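What you are looking at is a predicted structure, and each value in this text was computed from that prediction instead of being measured. These values consider heavy atoms only, across backbone and side chains, with no hydrogens, waters or symmetry-generated copies.
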Amino acid sequence: MRRTAIAATGVVLALGLAACGGGSGGGSSSDAAKAPTDPSKVSGTITVLTNRTDQVQDGTLKGYAAAFNKTYPHVTVKFQGLTDYEGDVKIRLNSKNYGDVLSIPNSVPLKQYPTFFAPLGPAADLSKTYDFTDHATVGGQVYGIANIGTANGFVYNKAVWKQAGVTDWPTTPQQFIDDLRAIKAKTGATPYYTNYHDGWPLTNWGNALGSPSCDPAANDKLADTKEPWAAGQDLNVVDSLLYDTVHDKLSEADPNTTNWENSKALIGTGKVATMWLGSWAVVQMQDAAKKAGQNPDDIGFMPFPAQKDGHFCSVVRPDYQYAVNTHSKNKDAARAWLDWYINKSGDAQAALSISSVKGTALPADLKPFQDAGVTFIHLTNDKTAQVDEIDKASEIGINNQDYPQHIVDVARGAAGGDKDSVFKDLNKKWSDAQGTLG
């Protein structure tokens with residue numbers, strides 16, 4: 001699933017369109033980043049923008065580049081790790097200087113992909129090799145390819161949950177809240193950690209859309225749903241769980257002091273019990289546990305606490321999609337890196353993530369999901385552009401951190417209102433936006 005934060009970024013994107021040139025069609029062949037056929041003829045220096053600052057610092061990406069050069073000896077790959085990836089790249093899109101290869105920021109609406117990124121090939125062809133190409137297809141052309149797909153759920157410390165007397169996954173939101181209360185009462189751990197301060201981890205709550213209803217069309221239905229936060233709707237169920245967790249004081253005492261990097265050690269050592277993230281995070285928390293002298297096997301992954309017809313559902317979505325800057329002077333080299341990284345680097349397997357390359361086995365961390373019969377849901381994207389437009393007009397920004405942060409603020413008493421008033425306001429903004437667009 002791809003849900004775009006338009007509201008907070010509309011001005012920047014408008015400037016970007018002016019600076020880079022418009023266009024919402026399928027892209028011309030002269031602008032394409034075609035897959036190289038002869039590695040010996042590919043040369044140039046490329047810059048890769050990445051949010052994986054950890055892989056820059058620990059030398060992982062440097063190692064990938066060295067392996068890449070065994071096939072492409074005439075290409076020099078440089079990396080720029082950006083801590084505030086979304087914010088920094090959003091600003092860079094106002095110019096032509098946003099690297100040669102980059103992860104597509106969530107703030108770029110689908111219809112503007114051809115403005116910023118080079119077409120990689122026809123969807124009819126690339127979809128045979130890769131999953132999730134529909135998330136980055138405009139006019140029949142694919143503009144981004146995901147390295148990994150990620151299931152959504154709670155990363156949790158099994159030892160802490162067991163200490164609280166909980167060994168089974170909760171099947172309802174209320175049961176989840178009750179389990180967090182047991183953790184608070186019986187252990188010294190913080191039951192839930194919001195990662196409020198860094199902000200971006202909170203945006204993952206939006207990726208639960210489709211899990212409560214087990215509906216592949218959950219995102220598309222937002223285009224025609226007047227009140228997505230009404231009782232029984234997925235967004236109501238999901239955001240209520242976040243609100244109730246914070247309101248019932250089951251999260252950290254001061255959200256402003258949270259720290260993403262530190263949170264890995266906190267859950268790895270059992271000081272924090274639970275965090276809502278993608279399955280990509282499991283290996284990072286396991287590594288943190290191991291470095292702290294704890295058992296990495298204590299880190300587990302559980303689905304959203306809701307069932308449909310007696311089974312859990314987890315939405316599988318692409319992580320960041322990799323694209324080539326349409327202004328790159330070395331498109332062949334950029335495409336060579338993109339293809340090699342996704343197909344040959346082994347990064348998806350190292351991260352225990354779902355490779356976007358079709359036919360690849362699921363990672364070990366999702367075996368419990370398989371064993372429990374969790375249904376993996378791939379959301380349809382037939383109305384993504386329409387949902388993006390409504391979101392922009394509503395000024396909600398349903399994939400922007402401001403939206404869940406406001407829910408947390410109201411829940412903890414740092415902003416006025418209550419859960420009902422928050423949902424009433426969101427419903428009004430959404431329905432008004434639909435009426436404005438017609």
Is a side-chain donor or acceptor of [X] paired with a backbone partner of [Y] at a separation under 3.5 angstrom?
X: D100; Y: A334; answer: no
X: K111; Y: V138; answer: no
X: D248; Y: L250; answer: no
X: T225; Y: P228; answer: no
X: W337; Y: F68; answer: no
X: Y98; Y: F116; answer: yes
X: R335; Y: L120; answer: yes
X: Q434; Y: I390; answer: no
X: T258; Y: Y196; answer: yes
X: D234; Y: L209; answer: no

Before you tell me yes or no, could you show the steps for V89 and L93 under side chain to side chain contact (heavy atoms under 4.5 Å, CB included), namely the whole-Å CA-CA distance, both residues' side-chain angles and the distance that decides it to 0.1 Å?
CA-CA 6 Å; V89 178; L93 289 176; 4.3 Å; yes

What pair of heavy atoms forms the shortest contact from [X] to [Y], and how long is it?
X: P216; Y: I377; value: CA-CG2, 3.7 Å
X: F117; Y: P105; value: CZ-CD, 4.3 Å
X: S263; Y: N195; value: OG-ND2, 3.5 Å
X: V408; Y: V246; value: O-CG1, 3.9 Å
X: A218; Y: G210; value: CB-CA, 3.6 Å
X: N325; Y: G99; value: ND2-O, 2.8 Å

Distance check, rounded to the nearest 0.5 Å: [X] atom [atom1] versus [Y] atom [atom2]?
X: K162; Y: K186; atom1: NZ; atom2: NZ; answer: 14.0 Å
X: I398; Y: K429; atom1: CD1; atom2: NZ; answer: 13.0 Å
X: L110; Y: T137; atom1: CG; atom2: OG1; answer: 8.0 Å
X: S279; Y: N152; atom1: OG; atom2: CG; answer: 7.5 Å
X: Q286; Y: D365; atom1: CD; atom2: CG; answer: 7.0 Å

Residue pair K367, D371: steps toward the salt bridge (Lys or Arg N to Asp or Glu O under 4.0 Å) verdict
CA-CA 6 Å; K367 188 176 186 302; D371 293 344; 2.9 Å; yes

Partner of F154 under ring pair (Phe, Tyr, Trp, His ring centres under 6.0 Å), chosen from W169, Y193, F176
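Going through W169, Y193, F176 one by one, the ring pair (Phe, Tyr, Trp, His ring centres under 6.0 Å) with F154 is satisfied by F176 alone.
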
Verify the distance criterion only: is there a donor paired with an acceptor across the side chains of [X] and [Y] at less than 3.5 Å?
X: T274; Y: W161; answer: yes
X: S421; Y: D418; answer: yes
X: T150; Y: D319; answer: no
X: D178; Y: Q174; answer: yes
X: Y130; Y: N343; answer: yes
X: E227; Y: S431; answer: no
X: D382; Y: T380; answer: no

Could you tell me if R52 sits above the aromatic ring of Y320, with its cationic atom closer than 6.0 Å to the ring centre and no more than 45 degrees from the axis?
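Ring-cation test returns no.
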
How about W205 and Y243: are their ring centres within less than 6.0 Å of each other?
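Judged by ring-centre distance (under 6.0 Å), W205 and Y243 do not meet the cut-off.
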
Could you check, using the six-membered ring where one of them is a Trp, whether W276 and Y192 have ring centers closer than 6.0 angstrom?
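Between Y192 and W276, which both carry aromatic rings, the centre distance is not below 6.0 Å.
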
Test applied, side-chain contact (heavy atoms from CB on, under 4.5 Å); reference residue, F304; option that passes from V374, V315, L241:
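Answer to the side-chain contact (heavy atoms from CB on, under 4.5 Å) test with F304 among V374, V315, L241: L241.
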
Worked verdict on Q55 versus D347 for side chain to side chain contact (heavy atoms under 4.5 Å, CB included)
CA-CA 10 Å; Q55 290 189 337; D347 185 74; 3.0 Å; yes

Does atom NZ (K70) have a neighbourhood of more than 12 heavy atoms from anything else shown, all under 6.0 Å?
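Count not over threshold, so no.
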
K419/D244 under salt bridge (Lys or Arg N to Asp or Glu O under 4.0 Å): CA gap, chis, key distance, verdict
CA-CA 9 Å; K419 182 165 61 176; D244 293 344; 2.9 Å; yes

